[in-house]
*Asks:* 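The following block contains the structure, expressed as structure tokens.
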Amino acid sequence: MSYLPLSVRRFFQFANDNNYKNFIEVFTKDAYIFDEKKKIKGIQAIEKWSKNAIFNPNVKFKIKNYTEQDDRITVTAEVDGDFDKTGLPSPLLIDHRFKLRSGKIEELICSETKHITS
């Protein structure tokens with residue numbers, strides 16, 4: 001296991017620090033996100049998504065594990081915040097599958113983890 005690329009590290013760091021302005025800068029202008037069964041495409045849509053899904057509910061991430069395979073980086077993070085947790089497991093572990101282009105996040109697919117991490 002090697003180190004996390006800077007844009008991936010900053011994704012979690014800026015979210016945890018409530019640093020909205022710098023958070024948006026880790027994405028390409030045409031980035032794509034799939035989260036909570038919704039497709040988010042382009043920087044303007046990502047700005048709206050991040051405010052509603054991360055910053056307004058004060059979401060915090062605790063990295064538990066990460067793997068690299070081909071051009072994908074998967075980070076499993078424990079997720080907490082001020083959102084409705086009804087029916088969600090505790091702790092809530094989410095896999096964040098990143099694809100990068102020119103050092104920025106081009107694609108992010110989020111899903112509940114199907115495996116146990118240590």
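Keep in mind it's a predicted model, so treat the numbers as computed, not measured.
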*Asks:* Measuring from Thr74:OG1 to Ile109:CD1, what's the distance to the nearest 0.5 Å?
*Replies:*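 Thr74 OG1 to Ile109 CD1: 9.0 Å, rounded to 0.5 Å.
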*Asks:* Under a 3.5 Å distance rule, please check whether Lys60 uses its side chain to pair with a backbone N or O of Val79 as donor and acceptor.
*Replies:*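 Such a contact is absent between Lys60 side chain and Val79 backbone.
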*Asks:* When you measure from the side chain of Asn56 to the backbone of Lys51, do you find a donor-acceptor pair of N or O atoms at a distance under 3.5 Å?
*Replies:*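 Looks like yes, one N/O pair under 3.5 Å.
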*Asks:* For Thr113 and Asp95: C-alpha separation, side-chain torsions, deciding distance, then whether side chain to side chain donor-acceptor pair (under 3.5 Å) applies.
*Replies:* CA-CA 5 Å; Thr113 189; Asp95 284 337; 3.3 Å; yes
*Asks:* What about Phe61 and His96, are their ring centers closer than 6.0 Å?
*Replies:*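 Centroid distance Phe61-His96: below 6.0 Å, so yes.
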*Asks:* If only side-chain N and O atoms count, and only distance matters, is there a donor-acceptor pair under 3.5 Å linking Ser111 with Arg97?
*Replies:*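 Indeed, the side chains of Arg97 and Ser111 share at least one donor-acceptor pair under 3.5 Å.
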*Asks:* Is there a path of hydrophobic side-chain contacts, each under 4.5 Å between heavy atoms of I/L/V/M/F/W/Y residues, joining Ile73 to Phe34?
*Replies:*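 Result: no, two separate clusters.
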*Asks:* For the residue pair Lys29 and Phe27, would you count it as a cation-pi contact if the rule is NZ or CZ under 6.0 angstrom from the ring centre and within 45 degrees of the ring axis?
*Replies:*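 Checked: cation-pi criterion not met.
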*Asks:* How long is the straight-line distance from CZ of Phe83 back to CG of Asn52, given to the nearest 0.5 Å?
*Replies:*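 These two atoms lie 14.0 Å from each other.
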*Asks:* CG of Leu4 to CZ of Arg10: how many Å apart, nearest 0.5 Å?
*Replies:* 13.0 Å
*Asks:* Does a side chain donor of either Lys21 or Asn19 reach within less than 3.5 Å of an acceptor in the other side chain?
*Replies:* no
*Asks:* Calculate, to the nearest 0.5 Å, the distance between atoms NZ and CD1 belonging to Lys41 and Ile46 respectively.
*Replies:*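 Between Lys41 NZ and Ile46 CD1, I get 8.5 Å after rounding to 0.5 Å.
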*Asks:* Quick check on the hydrophobic clustering: are Ile105 and Ile63 connected, directly or via other members, by side-chain heavy-atom contacts under 4.5 Å?
*Replies:*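 Yes.
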*Asks:* Under 3.5 Å, side chain of Lys39 to main-chain N/O of Ile33, donor-acceptor pair present?
*Replies:* no
*Asks:* Closer than 3.5 angstrom, by distance alone: can the side chain of Lys85 be matched with the main-chain N or O of Gly81 as a donor-acceptor pair?
*Replies:*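 Between the backbone of Gly81 and the side chain of Lys85 there is a qualifying donor-acceptor contact (under 3.5 Å).
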*Asks:* Among Phe12, Phe11, Phe14, whose ring pair (Phe, Tyr, Trp, His ring centres under 6.0 Å) with Phe23 holds?
*Replies:* Phe11
*Asks:* Would Arg101 and Asp30 count as a salt bridge (Lys or Arg N to Asp or Glu O under 4.0 Å) here? Give the steps.
*Replies:* CA-CA 11 Å; Arg101 183 178 76 219; Asp30 61 345; 2.7 Å; yes
*Asks:* Measure the NZ-CG distance between Lys99 and Leu108 for me, rounded to the nearest 0.5 Å.
*Replies:* 13.0 Å
*Asks:* Looking at Ser7 and Leu100, what are the two nearest heavy atoms and their distance?
*Replies:* OG-CD2, 3.5 Å
*Asks:* Give a yes or no on whether Lys62 atom NZ has more than 12 heavy-atom contacts from other residues, nucleotides or ligands under 6.0 Å away.
*Replies:* no
